[in-house]
Every structure is written in structure tokens, then in C-alpha cells.
Amino acid sequence: MIRAIKGTRDILPPASAVWNEVEQAARRVFGGFNYQEIRTPIFEETALFARGVGEETDIVSKEMYTFEDRDGSSLTLRPENTASVIRAFIEHRMDQIPGLKKLFYIGPMFRRERPQKGRYRQFSQIGAEAIGSDFPGVDAEVIEMVAALLDACGVKGSRLLINSVGDPESRARYVAKLKEDLAPHIEALSPDSQRRATTNPLRVLDSKAEQDQPIVEKLPSIHDFLTDACRDHFAAVRRYLDDRGIAYEVTPRLVRGLDYYTHTTFEFLHGALGAQNAICGGGRYNGLAESLGSKVAAPGIGFSIGEDRLVMAVEEARGGIAASALRLFIAPMSDEAFRKGAVLAGAVRAAGASVEVGPPAKLKRLMELANKAGAAYTLLIGEDELAKGQYVLKTMSSGDQSHVNESELVERLRA
Ligand code: HAM
């Protein structure tokens, strides 16, 4: 038997309805903030991610699905979408459109991680990017938009962590200091951190390895290395969050796993998710466009919500997945009744309700089918009903029955 590939999943009904709901909520909430949708390809030149996300990151160095095309070029299934959005921004000269560019996306990403609950090799992100401003008010609005979406989805009790990783100048000084401070402890670090201590020492900060903790705890905070301008930017972001009544925890070790970040970084954590508890990650990336070949500066900030994790949180908040939304089951007791039923179904569907037409069968069998389908109402069509044009409409929850003609039926079931 052929099975789905490890780390990939089929999203089956009724869970798929929850996916549609969160996507609709995202479109509604993002629309309210004047964001428009962008759809970029699922594969890109490998160099885009190597340069955008960073050669030394886990994503690029060990998690990408990279393959050689028939013409020898190296292609990669997108592990994230910010680099692609900026590529499209540059390619289509979107810098020439006046004002802030506010774009959102929903779609699959691919990372070859070790699969576990909430972590997949194909997963979906709902993300947004605001490009063309370094005003800290944009940072606060982007964060507010995530909070608004979580709220719209009924997800409560998430924690917002924020940090500033400064500009390249402050970070270079911090990285140099980290290398210096880590050097005497190399032997005591976990294998991953030993490697990172030289290649990407910022990543040592969010090591989860037990043996690294005593060393990591003594490392200096990036906040001691921020320039005045970086500090001012971060203070303004916090002030604008305060204005919005959004609670946050300043977390100096929140450096995030992608190299393009400058200034603000943030994450939303959610308790119901277990080990993979980051429901959203984001931050500012002021130099990314230039590093991808843009001649003009295009400072930006954005986020990606892990849709798989958002759906889990929604299901948890609801205590399970809602049952079928079927409104009407039509129960025809003969072939002639089935043909009439199909016509009636068309009229009820046109009024916005969902309808299932059963096969011609005996009453007992039809009622079994109606119960299994979870319909709110069942319409019985027998010989008498056909002759009079009056059908029996049964409310399944109470068992109440009434006689309705076609137009009464449509009115009763209008969504
Ligand atoms: P990221 O932190 O790598 O950031 O991913 C964002 C979110 O995607 C995570 O918080 C998580 O919810 C979800 N996610 C990541 N990997 C997996 C996985 N293997 N399985 C399930 N969910 C996963 C980014 O991707 C940046 N592009 C965010 C951003 C946008 N920064 C600026 N703009």
C-alpha cells in the first residue's frame, strides 16, 4: 500500500472545515488592516533561501528539500515565504507603488524536520509582510493583527514574547562578544552548540540542551549592545503595543532561527500545543531586500502563523471538531420521489443550505441514513406526498413533523 510521505498529512473532513474557517478569518481580519493577498510559487532558486534566510541557519543547512532540475539548476521547495515575497517585490518593482505594501499569504511550506505533534515536513503558514517603512508603529500594528486573528479564531491564553536584535552593527559586536565568551566553554557545550558557537553563536542562545543551560545563562544580553537608535526603536514598539492594550514579555534571548532579522523579533506561544508551542513567529528585516539585490532600501516586518498549530489551538478551544453542517436530508421512498427530491434539493441549495439526497429506499433505511448524515432536518417523500405536493419535514433534534410545500420548505431552510 502506498502511504502519505512521513511528515505530510491528509487533512480530512470534518477537520478541513476548521482549516477553511481559520483561512476565512485571516482574510477577513487582514482585509480590515488593508492587506492584500500575494501568491508566490512553491519552488524557487535555491540561492534565494541561501542568501535570504542564511547559509548557517538550520533551515538552509539541513532542512531544505533541494533538487536538481533537468537543466542542472538547483531548486528548493520553499521552507518559508518571506524571501519569496521580497523576491517578488523586487522583481515586480513594487517599490515604485507609493505607500506601504501590505501583503498576506496562505500556503504550504516544506522543511525536513523530525516530525512530531505540531511539526511536519509539509506544513502551512498564514503570514503577512508590511514592506517599505521602518516606522515602529508598523511593528506594533503587525503584532496587533496577529492578536486580532487569534482572537477572531477564539484562541485564548497565548503569550507574546518580543525582543530587539538590533541593527547589523550592534549585532556584529554582540556576536563577537558571544564568540569570545563561548570559546572557553566549547568542550562543555552540546554538539550542536559547539558547531554554532563558531558558525552562528546567536543560535546557542535558544539551545534547549540541558548541558548548555549553565553556560547560556551567563552570556550577556543583546540589550547591552544595542545602539541608541535601536533602543529608541524598541522603546517605541513597546509604547505602541501598550497603547493597544497588548501584553508582552520582553525576552532578550529571543533571536529566532532566520538570519534576516533586525530590530523587532516576536513569537506567540500557546500552551495547548505541547513541545512545538510557537504558534507564530515574526520580526523586522530591514536589509533583506538589499541582500537579495534590491537597489532601493525596502525595510519590512512580518510574521508567519503555523496554520497546523492554529487549527490545533482552535480545536482545543472548542473541545473538539464541530459535527456536520448538513441542514437537510431528503428521503425518497421511490424512484419518482427521488427525481422530485433532486429538484427540491436544487431549490433549497439555491437558498444557501446544504442538502443531501438519499437513494430511493424504505423509510426505516432512509431514517438510518439521515441520522448517520447528522442532518438537522429530514424531508420524507412518499407516494401521498408526491401526489399532494405536500412533504413531511421532520426536525431531527425534537422529532417534530410538519407538512410543507416547496416554497414553505425553501423558506424554512433558508440559511
Ligand atoms: P518561523 O519561525 O520559521 O518563521 O515559522 C513561523 C511559524 O511556522 C512557527 O512559529 C510555527 O508555528 C510554524 N512552523 C514552522 N515550522 C513548522 C513545522 N515544521 N511544522 C509545523 N509548523 C511549523 C518564518 O517562517 C518567517 N518567514 C516568519 C516571518 C515572516 N518573519 C518575517 N516575516
Side-chain angles (χ1 to χ4, degrees), residues 5-9 11 19 22 30 35 38 40 44 48-49 52-54 57-60 62-65 77-89 101-131 138-139 142-143 145-146 149-150 155 158-163 165 203 206 254-270 272-289 298-314:
I5 290 163
K6 186 176 175 196
T8 72
R9 306 189 289 159
I11 309 294
W19 285 71
V22 305
F30 296 173
Y35 279 71
I38 179 168
T40 61
E44 299 265 6
L48 173 65
F49 304 112
V53 177
T57 60
D58 282 354
I59 295 178
V60 172
K62 45 186 195 201
E63 295 171 359
M64 294 207 300
Y65 282 97
L77 298 184
R78 61 181 188 191
E80 64 105 51
N81 207 26
T82 307
S84 305
V85 170
I86 297 300
R87 193 237 348 108
F89 175 91
K101 262 60 66 185
K102 295 169 139 189
L103 303 167
F104 79 87
Y105 51 83
I106 301 174
M109 310 292 156
F110 306 85
R111 295 183 194 176
R112 201 174 191 294
E113 296 193 79
R114 198 167 46 76
Q116 63 180 85
K117 182 174 174 235
R119 188 163 72 192
Y120 310 99
R121 291 181 171 177
Q122 174 174 336
F123 59 99
S124 180
Q125 284 185 342
I126 300 179
E129 314 291 344
I131 311 161
V138 179
D139 305 39
V142 159
I143 292 172
M145 191 160 87
V146 179
L149 178 55
L150 295 180
V155 172
S158 62
R159 286 165 61 205
L160 166 61
L161 311 185
I162 63 168
N163 191 26
V165 294
R203 303 294 308 151
D206 58 11
L254 182 72
V255 289
R256 310 250 315 117
L258 303 90
D259 281 353
Y260 49 61
Y261 290 116
T262 57
H263 300 283
T264 315
T265 54
F266 60 94
E267 253 168 27
F268 282 80
L269 307 183
H270 189 65
L273 299 176
Q276 299 304 316
N277 64 349
I279 201 166
C280 172
R284 182 165 272 291
Y285 44 82
N286 286 355
L288 177 58
I301 176 157
F303 64 82
S304 308
I305 294 171
E307 189 176 0
D308 304 71
R309 298 181 192 178
L310 176 57
V311 166
M312 277 165 63
V314 169

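Numbering of ligands and ligand atoms starts at 1, following listing order.
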Q: When you check the gap from the basic side-chain N to the acidic O, do Asp206 and Arg256 get nearer than 4.0 Å?
A: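 Salt bridge: no.
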Q: Quick one: look up the protein heavy atom nearest atom 20 (N) of ligand 1 and list residue, atom name and how far away it is.
A: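 I find the closest protein heavy atom is Tyr120 N, 3.0 Å.
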Q: What atoms of ligand 1 come within less than 4.0 Å of a heavy atom belonging to Cys280?
A: 10 (O)
Q: Have a look at Gly300, Gly7, Ser304 and point out the one with the heavy atom closest to atom 28 (C) of ligand 1.
A: Ser304
Q: Check the pair Thr82 / Glu129 against side-chain hydrogen bond (donor to acceptor under 3.5 Å, both in side chains), numbers first and verdict last.
A: CA-CA 7 Å; Thr82 307; Glu129 314 291 344; 2.9 Å; yes
Q: Which atoms of ligand 1 are found less than 4.0 Å from any heavy atom of Gly118?
A: 20 (N), 21 (C), 22 (N)
Q: Do Phe104 and Phe30 make the cut of ring centroids closer than 6.0 angstrom?
A: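 Ring centroids of Phe104 and Phe30 are less than 6.0 Å from each other.
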Q: At less than 4.0 angstrom from any non-hydrogen atom of Glu129, what atoms of ligand 1 do you find?
A: 30 (C), 32 (C), 33 (N)
Q: Within 45° of the axis and under 6.0 Å from the centre of the six-membered ring of Tyr120, does NZ or CZ of Arg9 qualify?
A: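 Yes; both conditions hold, so Arg9 lies above the ring face of Tyr120.
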Q: Need the ligand 1 atom indices (1-based, order shown) with element for anything under 4.0 Å from a heavy-atom of Tyr285.
A: 32 (C), 33 (N)
Q: For ligand 1, which atoms sit closer than 4.0 Å to a heavy atom of Glu113?
A: 16 (N), 17 (C), 18 (C), 19 (N)
Q: Judged by atom type as modelled, is there a donor-acceptor pair below 3.5 Å linking the side chain of Arg159 to the main-chain atoms of Phe268?
A: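 Checking the backbone N and O of Phe268 against the side chain of Arg159, no donor-acceptor pair under 3.5 Å is found.
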Q: With heavy-atom distances below 4.0 Å as the criterion, list the atoms of ligand 1 near Arg256.
A: 1 (P), 2 (O), 4 (O), 28 (C)
Q: Taking N or O atoms only and a 3.5 Å limit, does Ala278 qualify as a polar contact for ligand 1?
A: yes
Q: Using a strict cut-off of 4.0 Å, indicate which atoms of ligand 1 neighbour a heavy atom of Tyr260.
A: 26 (C), 27 (N), 29 (C), 31 (N)
Q: Ignoring hydrogens, just give me the one of Glu80, Arg112, Arg111, His270 whose non-hydrogen atom is nearest atom 3 (O) of ligand 1.
A: Arg111
Q: Is there any N or O on Phe123 that sits under 3.5 Å from an N or O of ligand 1?
A: no
Q: Need the ligand 1 atom indices (1-based, order shown) with element for anything under 4.0 Å from a heavy-atom of Gly282.
A: 31 (N)
Q: Give a yes/no on ligand 1: does Gly127 have at least one heavy atom closer than 4.0 angstrom to it?
A: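 In this structure, Gly127 fails to qualify as a contact of ligand 1 - no heavy atom is under 4.0 Å.
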Q: Identify, for atom 8 (O) of ligand 1, the protein heavy atom at the shortest distance, and state residue, atom and that distance.
A: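 For atom 8 (O) of ligand 1, the nearest protein heavy atom is Gln125 NE2, 3.1 Å.
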Q: Only counting residues at least two apart or in another chain, list the ones meeting side-chain hydrogen bond (donor to acceptor under 3.5 Å, both in side chains) with Glu44.
A: Ser84, Arg87
